[in-house]
Structure formats: C-alpha cells, structure tokens
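Throughout, a chain's letter reflects where its sequence line sits, starting with A, and its residues are numbered from 1. The structure presented is a predicted model; accordingly, all values stated were derived computationally and were not measured. Computation of the quantities below employed the complete heavy-atom set of this structure, encompassing side-chain atoms and omitting hydrogens, waters and symmetry-equivalent molecules.
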Amino acid sequence: MSDPAVRVRIAPSPTGYMHIGTARTALFNWLFARQNGGVFILRIEDTDLERSKKEYEEDLIDQLKWLGLDWDEGPIRQTDRLDSYEKCLSKLLKDGQAYYCFCSKEQLEQERQAMLAQGFAPKYSGRCRSVSQEEAKKKMEAGEKAVIRIKVPDGKISFKDIVREEVSFEGSLIGDFVVAKSLREPLYNFAVVVDDEEMKISHVIRGEEHLANTPRQIIIQRALEFSQPQYAHIPLILNPDRSKMSKRVGDTAIREYRNQGYLPDALLNFLSLLGWHPQDDQEIFSLKELMKVFDLTRIQKGGAAFNVDKLDWLNAQYIKKMTAKSLAKLLGVKDTEQNLKIVEATKERMKKLSDFKEMAGFFVEVADYPPELLIWKNSTKEKTLVNLKEAEKIVSAVISDDFSKAKLEKALMPSAEAAGRGDMLWPLRVAVSGLEKSPGPFEIMETLGKKESLSRIAGAIQKLSG
RNA sequence: GGUCUCAUCGUCUAGCGGCUAGGACGCUGCCCUCUCACGGCGGAAACAUGGGUUCGAUUCCCAUUGAGAUCACCA
C-alpha cells in the first residue's frame, strides 16, 4: 500500500519535555505514514514565545530520534513562517472575515463572568465587529492595542472523525475568537490551519484534547477557502487514577522513562496498545510488525489509563530477548567475558536497565549479610557448616581452567543430593552472593572464578563459626 | 455551568443480535526449583443503571448516572 498523498505531522509545542502522549501521537502518525508510504512531518509549534524554549525543542528531537521515529520533513518552526500567517491574516481582514478588536481584558473578563453566572458558555459579544476598517486604523495609529478576531458564522459545523464518526458543534455558541495578537503574532488555531494547508496535510491525527478546537479550525479553513484534512482524534492517556496525564508531572516525560532504563521498542510497543488493539491477541510487536497491522479505524474511543506494571512486563520481555553483548552495550558495561556472564545471569531478572546495578552488584562485592541467612529453612548451624566445608572441598578440587557451571554442577550435585539439596545449595548460594535472592550458585561461581568463589565460601564459614 | 466525547474484569482490551463474554498485565494456586526470576498448567475477576426495539440484547435506540475534554490575547 503506497499513497504519497498521505501527509501527516506531529506538531508539538516546545513548552516542556516530550510527553508520553506526544510520543504516542507521534507513533500513530509515523505508523500511518509509513504503512501508506506517505510523509511524516515534524513541526514545532512555537508561537507562544513566552513558554517555548530551545531546550525543550532539543529534547523533542532527541527523544524522537531515540524512539526511532524518523521524520521526512522538518523540523519546521512556526516562528519561521510568520510571513505566511501575515498574508492569510491580511486577506481575512481585507475580506472582512476578520476584524480588529479593541476590547480590554478587564472588559472581556467581566462579560465572561456575567455569562458564566447566567449559565451560558462564555462567548465574545462581537462588539468590535462594528468598528470599521478606517476607524480601526485610526485607533491603532493612536496607539490603541488590538487583537484580531474572526467572524464566526452561525450554524452547525460537523465533520467526520475517523475514530469518532460524525462530530458536530454549533457555531453560534462559539463566538468570534481571537486568531492573532497581531499580524505577526498568530495564535495556535490559526497557525495550525495555515500550516496544515501549506504542508498539504492529509490526515490530522492528534489527541482528543483538540477535538473542541476542530470546529474553530474548520471555521478558519472555510474563511480562507482551504481544504479540510481528515481528522482522527485519539483518546487521552490517563493517570492510573483516571485523571488526565498532566505535562507537569515528572514521570510523564519520555526522558524519565529513558533514564530509568526502558527500551525504546518496549515503550513504543506499550504505547501502541494504549488506545489501540490489533484484530488478534498478539501483544508484542516490533515496529515493523506494527506498521503492517496498525489500523486507524481500530483506535479506541475511551481514554486509556497508563499502567506501569504492563510497561515493566513488556520491557522485561524485550530485555530478555537481547543478547548479552548488546545489552552490555546499553548498560554501559565493557564487554569483557566476565561482564557478559554477569549480564547474562542478570538478564532474566531485570525489568529495567536501571535494575542492573542493584542486581549485579554482588558480583563485584558481597554485601555484609547476617550469618543466619546461610542456614536453609529449618536446618541447623552445625549442619550448614559441615555442608559448606564439604562444598568448599569439592569446589577446590575443580580445576580452575574449566571452572564452568556444568562442571561445578557435576562435581557438587552428588554431595548436595546426599546432604539434601537445599541444605547444601542454599548456604552455598548465599555464601557466593550474600543475598536472599539471586541467580543459582553454579552460575555465580562460574562468573566469579575459582579464587573469588573460594574466598567467599571461606568467608561464609568464618562468619558462621565466629 | 454550556458544549463535545466516552462507558466490557483493578488496568489495557477482544466482541460489531444468539459466545460457558476471549486475551494480556497485575493478583493467586500448582509444577519446575536451593532462593528469586524465567517458563509451564490452573483460578478468582467485567458487560454502570433504567427503559425501549427484537423471538433474543454486552452489542441497536432513548434516558439516567459516572468519567474525561474544552470553553484564553496557551498550545
């Protein structure tokens, strides 16, 4: 399936670190573009000069790259496109479809409150509609501040949404809204419309919070005689308590998940399942597979709560599938033979990359542990000591050239069977790991090597006899 | 408050008039096992409520309830 007419965009505003929701929107757009052989555009919506920061833009680009969602055009910044907006704004003004408004903020606020008090949706009165163009010009020359409002026609505004079918709003309820602070200071809704037209965006795939913006954008489109893209509003990602995931909360930033050691593919996989589901029961997808089965029309309507447990599970699945070598690289660990063994032994237990440090620390150094930890279940100190010494003897006999898991197991198991597996293997494992929970003793000893293993066993014996 | 949107296990969801309501995470029992993890096999767990339509509603319609979004000279 190839349709070069498919042109979609991710249009974040750089007012915060890249948000989880932005990532999912980017993913859906990317998937849709790629599966149709279309174009994916990155557009930076930085018309809010006060809140936009370069740092956030850099984060956006950085995280998008990390996720592997490559774009074909951009980054295009709205602040670089002021000429286009000005041109369209002037046209609207000239055609009488927009007008200058001189109402003060105080005045507006008062009206707002009054309407609210009466139980109406606040809406601009349209007072300045009557100000003629000449009059407006004079006022501005006299230094009066003005904003630009668009004339909103009465009547129903309905559009087809791929996710929500037919959605409609009542124009008369909207009121003439501000489209720009000045000719070179367009507001969001206006800039979006001009951009989408000039970039020939075919499908606007965005979060549901924009659903209510859509009629406003359509009003602008119609005034400018632009074509209307297809819309797909995807449900919001909710906090576990079902409130909207706010941009301000720390752990909604992609960079946080990255720092915690989530794999990009796992994160994407997780995100794809938030508000979307394939026809069958498959849940683990590579980006390539996702590309094949993703379907805009199967996007869910209701909001989806973010469930970290499932993310953890998915991440663990992805970690498990990796080779020790590539995992070591991600962990920033040198791929020495020793380290690779450690990574291999820890792989199955890690949910996040950040777990590694804690889980593998004992390979480097045994933490201090209480002597009683060495005693298995209801066994005794004496018995444990005997078994540990027996184990020590056997381990010493294993040649250091072939100090392997298999060899150790072969050498130790007969005695362990005789002594009772747990009675020998538990203390041995604790002796070499110092932990209540860890990988198996043979695995650990192989990694540790003969010398270190014996020294730890000796340490345990001393601990217990002391 | 107005407008818009939504509603299946705790969570993510399958379902598109007739199903013992399926899967996944989590929880839990058993197996594997020296522990943990992995893995395998089970279990508990849902159609918000009330009306219609229909021979038959989780599914279609309406109301109620609940949840969310939005109502800026932010995006």
Side-chain angles (χ1 to χ4, degrees), chain A residues 11-16 45-48 50-52 78 101 103-105 108-109 112 115-123 145-149 161 163-164 167-170 173-175 177-182 185 187-189 191-192 207-216 233 235-236 238 240 242-244 247 270 273-284 298 300-314 316-317 320 345-351 359 373 376-377 379 416 420-430 433 435-441:
Chain A
S13 61
T15 53
E45 311 223 319
D46 56 354
T47 49
D48 185 341
E50 308 256 315
R51 296 196 304 151
S52 296
Q78 292 189 320
C101 170
C103 298
S104 72
K105 280 190 184 177
L108 257 18
E109 182 57 25
R112 235 177 67 88
M115 299 212 45
L116 231 34
Q118 286 178 63
F120 292 118
K123 160 187 167 181
K145 283 280 286 175
V147 295
I148 302 170
R149 287 184 187 271
D161 188 283
V163 178
R164 277 149 228 284
V167 182
S168 76
F169 291 85
E170 182 50 50
L173 258 27
I174 293 178
F177 57 95
V178 179
V179 288
K181 296 194 213 180
S182 74
E185 290 174 289
L187 256 23
Y188 166 76
N189 281 125
V192 164
E208 196 193 330
E209 70 266 28
H210 290 294
L211 194 58
N213 281 325
T214 309
R216 292 158 198 272
H233 287 93
L236 261 16
L238 274 20
R242 302 203 70 78
S243 63
K244 186 190 177 187
K247 273 188 186 178
F270 172 71
L273 258 15
L274 235 40
W276 173 83
H277 196 276
Q279 286 188 46
D280 57 19
D281 283 329
Q282 189 177 347
E283 299 222 274
I284 298 183
R298 288 187 64 83
Q300 202 70 20
K301 291 187 177 86
F306 192 88
N307 174 206
V308 194
D309 281 334
K310 187 138 185 182
L311 208 211
D312 282 348
W313 173 78
L314 263 169
Q317 298 296 316
K320 232 175 302 171
T346 318
K347 214 169 77 170
E348 294 207 329
R349 265 156 267 263
M350 274 193 280
K351 284 183 170 169
M359 287 178 164
L373 189 62
W376 186 61
K377 284 187 181 169
S379 190
R421 288 184 176 194
D423 233 323
M424 174 171 276
L425 297 178
W426 172 274
L428 183 57
R429 192 184 54 74
V430 173
S433 71
L435 297 172
E436 189 182 349
K437 307 166 184 176
S438 78

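Contact check, A/Lys181 against B/A72: no side-chain N or O comes under 4.0 Å of OP1 or OP2. Taking only side-chain nitrogens and oxygens, A/Arg112 comes nearer than 4.0 Å to OP1 or OP2 of B/A72. An OP1 or OP2 oxygen of B/A7 is reached within less than 4.0 angstrom by no side-chain nitrogen or oxygen of A/Gln300. For B/G39, the OP1/OP2 oxygens have a side-chain nitrogen or oxygen of A/Gln317 closer than 4.0 Å. Phosphate proximity of B/C74 to A/Thr15: absent, as no side-chain N or O sits under 4.0 Å from OP1 or OP2. Note on A/Arg51: every side-chain N or O is 4.0 Å or more away from OP1 and OP2 of B/A72. For B/G15, the OP1/OP2 oxygens have a side-chain nitrogen or oxygen of A/Arg298 closer than 4.0 Å. Put simply, A/Trp313 has a side-chain N or O that comes within less than 4.0 Å of OP1 or OP2 on B/C25. Between A/Arg349 and B/A37 there is no side-chain N or O to OP1 or OP2 distance below 4.0 Å.
Nucleotide B/C19 has no partner under the Watson-Crick or G-U criteria, as no pair reaches both atom distances under 3.5 Å. When Watson-Crick and G-U wobble pairs are counted only if both distances are under 3.5 Å, B/C6 pairs with B/G66.
Spacing between B/U54 and B/U20 at atom C1', rounded to whole Å, works out to 24 Å. For the C1' atoms, the distance from B/C27 to B/G68 is 28 Å, rounded to whole Å. Between B/C38 and B/C12, the distance separating the two C1' atoms is 23 Å to the nearest Å. Atom C1' of B/U8 sits at a distance of 31 Å from the matching atom of B/G2, rounded to the whole Å. B/G56 and B/C4 are spaced 33 Å apart, taking the P atom of each and rounding to whole Å. B/A24 and B/G43: their P atoms are spaced 12 Å apart (whole Å). Rounded to whole Å, the P atom of B/G26 lies 41 Å from the corresponding atom of B/A63. B/G17 and B/U59 have their P atoms separated by 11 Å, given to the nearest Å.
Among the protein residues, A/Val178 comes within range of the sugar-phosphate backbone only, with heavy atoms under 4.0 Å from sugar or phosphate atoms but none that close to a base. Backbone-only engagement by A/Glu209 is indicated by non-hydrogen atom pairs under 4.0 Å involving sugar-phosphate atoms exclusively. Residue contacts shown for A/Pro441 include a base, since a base heavy atom lies under 4.0 Å away. In this structure, A/Gly440 reaches the bases: a heavy-atom distance under 4.0 Å links it to at least one base atom across the strands shown. Contacts of A/Lys377 with the nucleic acid, taken as non-hydrogen atoms under 4.0 Å apart, are absent.
For A/Arg149, the salt bridge (Lys or Arg N to Asp or Glu O under 4.0 Å) criterion is met by no residue, not counting sequence neighbours. A search for side-chain hydrogen bond (donor to acceptor under 3.5 Å, both in side chains) contacts involving A/Glu45 returns A/Arg43, A/Gln78, not counting sequence neighbours. For A/Pro122, the side chain to side chain contact (heavy atoms under 4.5 Å, CB included) criterion is met by A/Arg112, A/Leu116, not counting sequence neighbours. Considering only residues two or more places apart in sequence or on other chains, A/Asp309 meets the side-chain hydrogen bond (donor to acceptor under 3.5 Å, both in side chains) condition with none of them. A/Lys320 pairs by the side chain to side chain contact (heavy atoms under 4.5 Å, CB included) definition with A/Gln317, A/Glu348, not counting sequence neighbours.
Across all their heavy atoms, A/Leu435 and A/Leu373 have their closest contact at C-CD2, 4.0 Å. Between A/Arg164 and A/Val167, the closest heavy-atom pair is CB-CG2, 3.9 Å.
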For nucleotides 4-6 of chain B, give me every protein contact, N/O to N/O, under 3.5 Å, one pair per line with atom names.
{"from": "B/U5", "atom 1": "O2'", "to": "A/Arg164", "atom 2": "NH1", "distance (Å)": "2.7"}

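In this model, a side-chain donor or acceptor of A/Asn213 finds a partner on the base of B/A75 within 3.5 Å. Evaluation of atom-type donor-acceptor distances gives no pair under 3.5 Å for the side chain of A/Lys244 against the base of B/A69.
Each of A/Met350 and A/Ala146 was matched to the nucleotide of RNA chain B holding its nearest heavy atom; the match closer to the 5' end belongs to A/Met350. Sequence order on RNA chain B of the closest nucleotides to A/Glu45 and A/His277 puts A/His277 first from the 5' end.
Within 6.0 Å of NZ on A/Lys145 lie no more than 12 heavy atoms contributed by other residues, nucleotides or ligands.
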